[in-house]
Number of protein chains: 2
Amino acid sequence: MAALGYRPNRIARSLILQHTRTLGMVIPDVANPFFGDLMRGVEEVARERGHSVLFGNSDNDGDQEDRYVEEFIERRVDGLLVVVAAHRPARSPARAGDAAEVPSGAIAPLDGGLVRGVDTRALGRLADLPAGLPVVALDRLPDDWSHDAVVGDNRAGVALGVGHLVELGHRRLGFIGGDPALATGRERRAGFEAALGDRGIRPVWVSDGAFSLDSGRAQAASLFASPPATWPTAIVAANDLLALGVLLAVRERGLSVPDDVSLVGFDDITYACLSNPPLTTVRQPAREMGSAGARLVFRRLDGEVGPPEVVVVRPDLVVRSSTARCEVPA
Amino acid sequence: MAALGYRPNRIARSLILQHTRTLGMVIPDVANPFFGDLMRGVEEVARERGHSVLFGNSDNDGDQEDRYVEEFIERRVDGLLVVVAAHRPARSPARAGDAAEVPSGAIAPLDGGLVRGVDTRALGRLADLPAGLPVVALDRLPDDWSHDAVVGDNRAGVALGVGHLVELGHRRLGFIGGDPALATGRERRAGFEAALGDRGIRPVWVSDGAFSLDSGRAQAASLFASPPATWPTAIVAANDLLALGVLLAVRERGLSVPDDVSLVGFDDITYACLSNPPLTTVRQPAREMGSAGARLVFRRLDGEVGPPEVVVVRPDLVVRSSTARCEVPA
DNA sequence: GTGAAAGCGCTAACAG
DNA sequence: CTGTTAGCGCTTTCAC
């Protein structure tokens with residue numbers, strides 16, 4: 001009788017069993033290779049455990065993220081993985097790349113908590129999450145997070161990058177930043193400033209923007225609009241997309257990486273090794289971060305109680321050809 | 001009363017309403033930027049229509065794909081979008097990149113239907129799909145597909161690429177192929193041979209592999225292991241990943257693109273413009289293909305009946321810097 | 001209008 | 001061990 005197309009109805013089953021064998025995942029953008037790798041990691045361990053994954057793109061818009069979180073809760077997912085977007089205190093609609101447009105010039109100030117009207121906490125959803133629903137933050141750790149999380153060590157990561165650069169003899173360093181509304185954006189910038197400070201060096205350029213190719217290109221263009229004498233001999237970018245954008249701008253300026261400027265990125269996305277020159281970068285194992293996150297969810301589902309666990313993955317430096325010894329005397 | 005955390009239970013709702021407002025999508029690999037873009041497209045229109053999307057990676061393994069399709073049906077998705085994997089007639093486990101290993105040398109034969117023991121039809125699931133479940137094939141059109149689909153015009157696409165190359169004076173052309181078990185792999189190769197045939201030119205090199213960077217690198221390496229006199233002056237690769245791999249191999253050989261060989265890719269993934277030199281390629285609008293696919297699903301859900309609709313999107317050539325005029329006399 | 005009842009397709013508990 | 005029944009949280013119908 002099953003011969004003619006009977007399929008058990010898993011939704012009826014879920015209703016009585018009180019679980020759906022489904023994980024919800026909300027990320028900024030699937031089309032971004034870093035998040036694609038993250039998803040890959042969670043899907044793999046979800047599949048092992050007989051779960052499927054629902055996903056949604058937030059475009060880094062906190063309201064959109066909230067909507068998806070709410071919807072996934074109503075759909076009774078067994079666990080939630082989220083790359084937390086920044087939240088705005090007022091309900092003003094967040095436009096993509098909002099904070100991106102104007103690089104903040106020479107060296108822009110950075111303060112914690114409230115950044116240019118953007119709330120860096122995870123806000124609302126935290127409050128009324130169903131009890132017992134495992135939630136884990138991926139990649140970005142909001143100021144007020146009280147659940148499990150897996151994040152990279154951003155400060156240590158950029159410290160690796162600047163260490164490499166000063167070993168190469170560079171003393172005039174610049175930083176092309178990401179979105180200061182995001183924890184990763186703030187931490188990487190703070191890590192840059194701290195790493196330089198530890199060595200008694202003052203940065204020559206620091207700007208913020210968005211984590212995108214276009215923002216990297218724009219920030220670098222505005223850097224190179226300043227007098228050549230003030231240019232850095234080496235640039236660290238807050239992620240690979242940004243670095244790739246810097247590469248474009250350098251090329252457009254008729255300059256060369258690494259002859260005129262050294263460049264280091266962050267993430268080691270798959271395409272970092274395909275640029276010209278191949279990008280020296282700080283590797284974050286996105287896929288492994290994703291599977292670690294899913295494993296945290298299942299640990300809770302398996303009954304583990306206890307304080308929030310935040311696993312921080314150690315980044316490492318992969319040096320390729322976008323960095324070279326500094327030729328100008330300090 | 002809702003004040004203390006009441007959430008409507010959408011799964012109970014689904015049980016009675018007989019729909020889940022969920023789309024299922026199975027793709028080879030989220031981490032592949034082409035498929036990431038596709039997903040982006042379907043998510044966007046799904047969201048507009050109040051649907052969420054469940055996804056699964058098949059790794060191009062037909063069995064894995066079947067398992068996800070089956071699971072999504074049991075979960076009572078309202079529609080299914082799939083980038084159909086190749087199927088093996090026997091239940092032999094398909095290993096990733098199985099067909100990839102050895103490039104088939106000078107010019108490997110290609111026949112339809114059964115390719116090296118791989119069934120190019122969509123097989124089983126077709127048979128016992130629930131009546132009324134909208135299913136659409138994305139990117140790849142199996143031989144026996146009888147549902148809606150959205151695909152690129154692969155033959156026209158590579159014809160664009162070879163047209164550009166012969167205009168540039170090239171007469172000695174080679175083809176670095178993808179997986180012949182996939183419709184895209186076969187069509188792009190056939191398109192290459194046809195486009196050359198139309199012009200009375202015989203290809204100088206044709207090989208198959210997998211749609212990956214490594215396969216491109218390996219195929220190109222074996223091409224360049226042949227006597228230099230037999231080398232092509234221009235290469236068309238079956239996709240951008242392959243082309244990027246060729247680029248690596250060319251570089252490793254101490255040769256230059258486009259001075260020694262011109263190179264054209266296929267897809268125009270986001271990173272195609274970041275290679276060195278930026279890749280000339282045949283653009284397929286992945287995101288738009290995804291949203292078109294989702295729109296087909298909703299059209300059926302809205303009650304449209306009628307024969308399967310296959311929308312084929314026209315590719316266009318984007319010329320960047322990996323192609324140049326042929327300097328050697330024909 | 002407001003309230004009770006049936007039932008979506010399962011699982012679990014309980015009888016025979 | 002097989003068969004019946006209650007109930008998961010909703011929507012819909014039907015009665016009041």
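Since the structure is predicted, the reported quantities are computational estimates derived from the model, not experimental observations. Chain A is the first sequence line, chain B the second, and so forth, proteins listed ahead of strands; every chain is numbered from 1.
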Roughly, in whole Å, what's the span from [atom1] in [X] to [atom2] in [N]?
X: R10(B); N: dT11(D); atom1: CZ; atom2: P; answer: 11 Å
X: L17(A); N: dG9(D); atom1: CG; atom2: P; answer: 13 Å
X: I11(A); N: dG9(D); atom1: CD1; atom2: P; answer: 13 Å
X: L15(B); N: dG7(D); atom1: CG; atom2: C1'; answer: 12 Å

Using the heavy-atom set of chain B and a strict 4.0 Å cut-off, write down the first and last nucleotide of DNA chain C that makes it in, 5' to 3'.
-> dG7(C) to dG9(C)

Closer than 4.0 angstrom, basic N to acidic O: yes or no for [X] and [Y]?
X: E309(A); Y: R299(A); value: yes
X: D78(B); Y: R300(B); value: no
X: R67(B); Y: E71(B); value: no
X: D302(B); Y: R49(B); value: yes

With DNA chain C as reference, determine whether R76(B) or I16(B) sits nearer its 5' end, using the nearest nucleotide of each.
-> I16(B)

Taking the side chain as every heavy atom from C-beta outward, state whether P28(B) and R140(B) have any atom pair closer than 4.5 Å.
-> yes

Where is the tightest heavy-atom contact between V77(B) and L133(B), given as atom of each residue plus distance?
-> O-CD2, 3.7 Å

Kindly say if Q18(B) contacts the phosphate of dT11(D), meaning a side-chain N or O under 4.0 Å from OP1 or OP2.
-> no

